[in-house]
Amino acid sequence: MIVQQIFNGLALGMSYALIAVGYSLVFGILRLINFSHGSVYAFGAHMVLMFVSMNLGLIPAIFLSILLTGLLGMLIDKTALQPLRKKKSIPIAGLITTIGISYIIQNMLMILFGSERKPFPALFDKGMINILSVQISSTQVFMMVVSILLLAIMTFVINKTKIGLAMRALSQNVKAAHLMGINVNFVVIFTFFLGGASAAIAGTLISGYYQIVYPTMGFVAGLKAFSAAVLGGIGVLHGAVIGGLIVGVSESLAAAFLGGTYRDAVSFIVLIIVLVLKPDGLFGKKGIMKV
Amino acid sequence: MLKIHNLNTHYGNIHALKGIDLAVNQGEIVSLIGSNGAGKSTTLLTIAGLLKPTAGSITFKGREISNQPPHEIVKMGISLSPEGREVFPGLSVSENLTLGAFIMKDKAKIKTAFERVYELFPRLKERRNQVAGTLSGGEQQMLAIARALMAEPQLLMLDEPSLGLAPNIVAMIFELIQSINQQGTTIMLIEQNANMAMNVSHRTYVLETGKISLQGDSKELIKNQEVKRAYLGVV
Ligand SMILES: Nc1ncnc2c1ncn2[C@@H]1O[C@H](COP(=O)(O)OP(=O)(O)O)[C@@H](O)[C@H]1O
Ligand SMILES: [Mg+2]
């Protein structure tokens, strides 16, 4: 039973990690909490649904959604955040802007798709797998494998490619990044693309797991992923992954042993405990918030 | 090579540069001296494109650059080693240098650039895998200069390279500045240490509250009574 629940939590946690990475990436380079990210995630799930209903087939629908959601991320930066940076506005202005964008996206989804819950196709449903008396659904295995693969690719991009080096440079010293000849706006907009694309993948995986989508689905998932990012140490990529796993596991243990009512509260209790003990998060760098 | 005419830069309401004219010729070392707050750093940041001038022109090799973003200015051949070093503290020495060569596409050229800066700064070669934030002040200054050199600039701008360093390191940095210049790089040098700056440079401009007050051959200017009194600490 407990092993079973831990596994459920790990699968869910991996996809929280995918959302959390989006918060962490943007925070890492802009010191901005992008509160529109949860809605971007919901947008990604709805795009899959839309393309599926156009009879494009599930796989092409997923790829189109990833692309379109990545473009949405770029659009958010280009139209709303870049002008604020140019004017050197106070940080809180960016934060409020992203909250506003979050509602704009949510309302747009309601207008286009209706606010009710809609069925979402199951992903890779090949029944249950029995490993040492633990029942694992093939959807969960798929969810984990895809998430791990994507997180590995993202880690590779950040640590081993030229654009990744530029992102790391930007996260440490914006002025010096300019002086290196880095096109800073391009790197930022690329980061928003990555964030949007990974949110679409997470949206697809989690919707495929619960087989349901709705416009406000990004609210709680976004908050949990955000707390996962903070828990692991915001701005630190592997922190977001570990944070996601902790939130996922505590949530599914709470649901199993305390009842479904407590599942959301427990992940935030864990967050608060971690922050009291380690204010910068598990892997956070000291003073990163001061920059 | 570089021509600046009637350059004005503001920070909000603060009028930091009030109509500066200066020129740098190919092959020269030109120093810009002046007391704290005179506008020296502002001048270099405006040339580098990090600050936008409110009036005036900056041309580099005949091309207007004052409307260009910083990354385009680097590509044209102007690099700045900023005041306070501004290294990437969490990245290794060699990653910092790789970033210096960010605009270069040719792998062979990047390799040559590495060899050149490691020859100029053997200390950096020894510490290439060390995280830059843990280097000493002098080493970080070397890294900042080396990083600016990695782009193989035609014009290298150095903002207070001797700030806060021990006298023997300062002497070494000034020797390096001369040998970089002899290898063909034009240099614009900002210094509080006016004496050293005038000794290594061909020409000097004196900046006073946002305006050029004096200019001339460094050898002449170093004998100027006013300069001696105000900047060289001679009574
Ligand atoms: N970021 C800034 N915001 C407002 N004023 C500034 C800023 N940076 C410099 N200044 C002002 O501009 C003037 C020139 O500064 P600066 O170019 O840094 O001088 P220097 O390098 O010669 O010491 C000073 O009066 C300084 O107070
Ligand atoms: Mg200065």
Side-chain angles (χ1 to χ4, degrees), chain A residues 24-25 27-29 31 78 82-83 85-90 155-191 233-239 280-281 283-291, chain B residues 11-12 41 44-45 47-52 68-92 94-105 107 110 113 131-133 140 143-153 156-159:
Chain A
S24 235
L25 278 180
F27 184 86
I29 69 165
R31 299 292 178 271
K78 185 83 190 166
Q82 196 172 305
R85 287 201 295 280
K86 209 176 215 162
K87 292 241 161 78
K88 299 196 165 63
S89 68
I90 50 171
T155 308
F156 178 84
V157 168
I158 289 164
N159 290 316
K160 297 283 181 239
T161 66
K162 193 166 173 176
I163 184 113
L165 184 62
M167 287 165 76
R168 285 184 289 146
L170 197 54
S171 77
Q172 297 193 7
N173 190 331
V174 181
K175 181 179 173 189
H178 277 292
L179 292 175
M180 299 301 103
I182 294 170
N183 183 342
V184 167
N185 275 331
F186 176 80
V187 177
V188 172
I189 218 166
F190 174 81
T191 308
I234 193 154
V236 185
L237 216 56
H238 58 275
D280 295 305
F283 302 95
K285 297 186 184 94
K286 265 242 153 341
I288 200 162
M289 298 294 280
K290 282 190 217 121
V291 180
Chain B
Y11 293 99
S41 299
L44 294 198
L45 291 171
I47 298 170
L50 283 172
L51 296 172
K52 289 285 161 240
Q68 295 291 320
H71 63 271
E72 293 296 339
I73 291 170
V74 178
K75 281 185 198 153
M76 287 174 200
I78 302 179
S79 284
L80 169 63
S81 163
E83 184 173 1
R85 296 138 205 179
E86 310 264 359
V87 297
F88 299 106
L91 302 183
S92 70
S94 71
E95 280 174 323
N96 269 274
L97 294 174
T98 305
L99 280 160
F102 193 82
I103 57 162
M104 291 210 277
K105 302 224 157 37
K107 287 238 165 68
I110 297 174
V131 170
Q140 285 191 14
L143 180 57
I145 299 173
R147 189 180 61 177
L149 275 177
M150 286 298 291
E152 311 218 304
L156 173 65
M157 305 192 292
L158 302 170
D159 195 344

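A note on names: the letters A, B, ... follow the listed sequences, proteins ahead of strands, and every chain is numbered from 1.
- Interface remark: of the candidates B:Pro89, B:Ala151, B:Ala148, B:Ser79, B:Pro89 forms the most heavy-atom pairs closer than 4.5 Å to chain A.
- Atom CG of B:Leu80 and atom NE2 of A:His178 lie 13.0 Å apart (nearest 0.5 Å).
- Proximity to chain A (any heavy atom under 4.5 Å) is shown, for B:Met157, by neither the backbone nor the side chain.
- Contact annotation for B:Leu50: only side-chain heavy atoms (C-beta onward) come within less than 4.5 Å of a heavy atom of chain A.
- Side-chain contact between B:Phe88 and A:Met180: present, with at least one pair of heavy atoms (C-beta onward) separated by less than 4.5 Å.
- When the shell of 6.0 Å around NZ of A:Lys78 is examined, it contains 12 or fewer heavy atoms from other residues, nucleotides or ligands.
- Within residues 155-168 of chain A, the residues having any heavy atom under 4.5 Å from a heavy atom of chain B are, by residue number, A:Lys162, A:Leu165, A:Ala166, A:Arg168.
- The two residues B:Leu99 and A:Ala169 have their closest heavy-atom pair at CD1-CB, 3.5 Å.
- The shortest distance between side-chain heavy atoms of B:Arg147 and A:Leu179 does not fall below 4.5 Å.
- For B:Pro69, no part sits under 4.5 Å from any heavy atom of chain A, backbone or side chain.
- Interface residue B:Ala48: only side-chain heavy atoms are found under 4.5 Å from chain A.
- In this structure, chain A has no heavy atom under 4.5 Å from any part of B:Ile73.
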